[in-house]
Amino acid sequence: MTGPEKPLTGLDKQPFDKALTDELVRTIRSELREEFREQTKKQRRKATLYAASGATALYAGAAVALAAGLALALALPGWAAALIVAALLGVAALLLRNAARPRAGRPDAGRYADPAAGIPVAPGLAPDGLTAPGAPQGGPSAPEAPPMPSAAPTVPRQTPGGGDGERGER
């Protein structure tokens with residue numbers, strides 16, 4: 001103890017507090033780092049499995065398309081069988097794309113409005129469903145420049161210190 005003549009102040013306790021704070025920060029950082037490392041490892045494994053699943057599904061789809069083409073080739077010429085399989089795959093792609101588009105009841109419904117497909121325009125948007133009302137149609141563009149004033153504004157020329165504006169002169 002320092003005695004009654006010299007009471008402890010916050011500055012005298014600073015090295016102890018700083019060491020304790022530094023140790024606490026190091027411990028928290030190491031724990032967080034370990035937790036993030038563990039989560040990243042799990043997510044990496046999951047992403048790898050999803051990628052492998054997608055690649056396998058792609059090959060399975062190609063095998064099914066090839067089998068359908070070969071089966072059709074038994075009754076039709078090869079080119080006609082390939083054309084039919086390509087048309088079926090195109091229709092499947094179109095159906096999948098339409099399934100991915102937002103519907104009227106979903107939260108992002110007004111983002112891509114398509115009145116022809118029955119998807120209404122969200123309230124407050126222009127008829128194309130993509131721009132704000134009053135915005136120019138056909139894509140984003142810069143707003144018009146304000147009109148040019150008839151005369152240039154006059155500003156009194158004053159410099160700090162009373163000089164004529166030249167540097168280094170007073």
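For the single chain, residues carry numbers from 1 onward in sequence order.
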**OP:** Would you kindly confirm whether Leu72 and Leu83 end up in one hydrophobic cluster when ILVMFWY residues are joined by side chain heavy atoms under 4.5 Å apart?
**Re:** no
Original post:
Out of curiosity, Ile84 CD1 to Trp79 CH2, how far, rounded to the nearest 0.5 Å?
Top reply: 8.5 Å
**OP:** Taking side-chain contact (heavy atoms from CB on, under 4.5 Å) as the test, write out the residues that go with Val25, two or more places apart.
**Re:** Thr21, Arg29
Subject >> Stepwise side-chain contact (heavy atoms from CB on, under 4.5 Å) check, Lys42 with Glu38 >> reply: CA-CA 6 Å; Lys42 288 178 184 176; Glu38 197 173 303; 4.1 Å; yes
**OP:** Could you tell me the separation between the CD1 atom of Ile28 and the CD atom of Glu23, rounded to the nearest 0.5 Å?
**Re:** 10.5 Å
**OP:** Would you name the heavy atoms of Gly69 and Ala81 that are closest together and state the gap between them?
**Re:** O-CB, 3.4 Å
Original post:
So, Asp22 and Lys18, do they make that salt bridge, N to O below 4.0 Å?
Top reply: yes
Original post:
Can you tell me if CZ on Arg45 sees more than 12 non-hydrogen neighbours from other groups inside 6.0 Å?
Top reply: no
Subject >> Qualifying residues under side-chain contact (heavy atoms from CB on, under 4.5 Å), relative to Gln39, sequence neighbours excluded >> reply: Glu35, Phe36
Subject >> Glu34 and Arg37: CA distance, side-chain angles, deciding distance, side-chain contact (heavy atoms from CB on, under 4.5 Å) verdict >> reply: CA-CA 5 Å; Glu34 185 64 32; Arg37 191 175 294 132; 3.2 Å; yes
Subject >> Set of side-chain contact (heavy atoms from CB on, under 4.5 Å) partners for Ala80, sequence neighbours left out >> reply: Leu76, Pro77
